[in-house]
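Working notes, structure below.
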Amino acid sequence: MMGGMGGPMGKGMPMGGGMPMEQMYMGGGMGMSGGMGMGGGMGGMGMGTGKGMGKGPMGKGPMGKGMMGKGDMMGGNWGGMGDWSGKGWGGDKGKAKGKGKMSISARIAAGEPYFVGQLRKYDQDRSAGSIACKEVYQMCGQEVYAHKSVLEDRSMGVGDSIVFLIHWNSRGQPQCSLESLRLHNKAPGSFALKGTVKITDAEKGYVFVECPEVYEFFGRDVYVPKDKAPGLAVGQMVAFNVKLNKQMHPNVEDLQPCDDSLQLVAGDLSQSFEDPTIQPPWNVSYHNKRPTLSSTGEIHNATIKNFNTENGWGFVTSEQLLAKYGCDVFVHKSALDCVPSRDAGTPITFELGMTEQGKPQVMHAVPLGQDISMAVEAAAKRQRTMENPQQGMLGM
């Protein structure tokens, strides 16, 4: 899943109307994000230079506001579309370092979306796991690669629910960045997080758990349902698991009082394991539930406002779009297959789509004034490849 922030309860960070799309694009099934690669660094505020300790290329962050490095988590190629069990794994394994990196909340506030998925399997031989996330699969036809060092750093295990930012490597493949968090520990009787109880309205009985790690992603405290709140006291420490509601707000799913000495149980990465209860995204029953963009039937002319080639997404703008939707429009690189240039100021003609969350997004784009059908045909071909990953692997 992919989510936004805001709402009335806890320390909410509301999303305002009429904001530029870069500021408000938190959700929507087709958004893409960049992240911190394991081998490449992340340039921070100023002259940060990241260094990776693996065999892959080192990423260099440019001067400015924490742009992403170019490091990849792995040196070899993936096995093709869909499952990552192909040949060529290995490469960058070191944790990226950088001076003055932007906080997760600042990156999300700047327009970088986050995703939610489950660690479906772990392969000990390759020192890597695979996160099932339907939104990511919809974009690229692949699961999300997660290196062992990231999983260990965040105490993640197979079956756990995870919220994460994405780093897209040089081959356009999604990797779970260090900016990630375990939300739910699937081990029976175990918990993913700890926090402190607070009550914002004693009369109405609004109870929350204050947890800095959760707040960093969602911009709010964790709501405690009334059936789980009796007996809790202000300032009490609790261990808990998180479940996201339909608005992508964190709610306590289960909890128990604890003290500061409680050690949360880390996921077991001592052996290869695949959770049979988590459907792979290429499974037909799972695939059919994936969200899609709905065409509005509108054709617009606009110019590319900005586009990050490393992250694979940007925004387009026009006076007509701003007047109708009050924001710039998100564009993913897959919608620009037929547009040779992604430079700012490039004029395009495009079909406008709408996400399930009601956010406008470029659906099919061509150079200004050209026939949109060529872009529609290219998108249909990509979709056929996504629906048959084995065929995509044979073609590589």
Side-chain angles (χ1 to χ4, degrees), residues 2 21 25 27-33 80-82 113 134-142 168 171-174 281-282 284 287-309 311-396:
M2 175 180 170
M21 196 62 169
Y25 198 94
M30 294 289 288
M32 293 186 76
S33 67
M81 302 294 282
K134 59 183 180 181
E135 280 76 18
V136 175
Y137 185 77
Q138 180 184 27
M139 291 186 279
C140 63
Q142 298 171 347
W168 297 90
R171 293 169 297 281
Q173 297 157 330
W282 54 86
V284 175
H287 172 81
N288 289 341
K289 296 178 181 178
R290 292 186 290 130
T292 58
L293 278 176
S294 300
S295 175
T296 62
E298 299 176 13
I299 303 297
H300 291 267
N301 294 329
T303 57
I304 296 176
K305 182 175 182 179
N306 54 57
F307 191 87
N308 189 315
T309 55
N311 296 347
W313 54 273
F315 295 87
V316 305
T317 189
S318 74
E319 292 184 2
Q320 182 183 13
L321 292 171
L322 290 172
K324 186 168 185 177
Y325 297 102
C327 60
D328 298 319
V329 174
F330 180 88
V331 59
H332 174 246
K333 64 180 182 181
S334 62
L336 297 174
D337 285 346
C338 297
V339 180
S341 173
R342 281 87 188 276
D343 294 339
T346 299
I348 62 172
T349 297
F350 68 94
E351 179 181 0
L352 184 70
M354 197 69 65
T355 69
E356 290 184 334
Q357 289 75 25
K359 295 182 174 65
Q361 182 170 320
V362 174
M363 197 167 183
H364 307 113
V366 292
L368 183 67
Q370 292 192 14
D371 187 354
I372 204 77
S373 63
M374 59 188 291
V376 175
E377 182 178 348
K381 182 177 180 181
R382 187 188 318 107
Q383 184 66 26
R384 289 193 295 271
T385 302
M386 290 170 59
E387 292 174 353
N388 190 350
Q390 298 302 321
Q391 181 178 347
M393 290 173 66
L394 293 174
M396 296 185 69

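Keep in mind it's a predicted model, so treat the numbers as computed, not measured.
- Expressed to the nearest 0.5 Å, how far OG1 of T349 lies from NE2 of H364 amounts to 14.5 Å.
- Without hydrogens or angle criteria, R342 side chain to L336 main chain gives a donor-acceptor distance under 3.5 Å.
- Remark: D337 CG to E377 CD distance equals 12.0 Å, nearest 0.5 Å.
- Every pair tested for salt bridge (charged side-chain N to carboxylate O under 4.0 Å, His left out) that includes a residue from residues 362-375 fails, sequence neighbours excluded, so the list is empty.
- To the nearest 0.5 Å, the span separating CD on E351 from OG on S295 amounts to 3.5 Å.
- Heavy-atom minimum distance, Y137 versus W282: OH-CB, 3.4 Å.
- Listed by chain and residue number, T296, H300, K324, Y325, L352 satisfy the side chain to side chain contact (heavy atoms under 4.5 Å, CB included) test with E298 (two or more places apart in sequence, or in another chain).
- Across all non-hydrogen atoms, the minimal contact from F307 to G314 is CD1-N, 3.7 Å.
- Between P367 and C338, the shortest heavy-atom contact is CD-O, 3.2 Å.
- Listed by chain and number, the residues in a side chain to side chain contact (heavy atoms under 4.5 Å, CB included) with T317 are T303, K305, L322, D328 (sequence neighbours excluded).
- Considering all non-hydrogen atoms of both residues, I372 and F350 come closest at CD1-CA, 3.7 Å.
- The minimum heavy-atom distance between V136 and Q142, with the atom names listed, is CG1-O, 4.0 Å.
- None of N301, V316, L368 except one satisfies the side-chain contact (heavy atoms from CB on, under 4.5 Å) rule with I348; the exception is V316.
- Partners of T346 under the side-chain hydrogen bond (donor to acceptor under 3.5 Å, both in side chains) rule, at least two apart in sequence or in another chain, are S341.
- Looking at every heavy atom in both residues, P360 comes nearest to M354 through N-SD, 3.4 Å.
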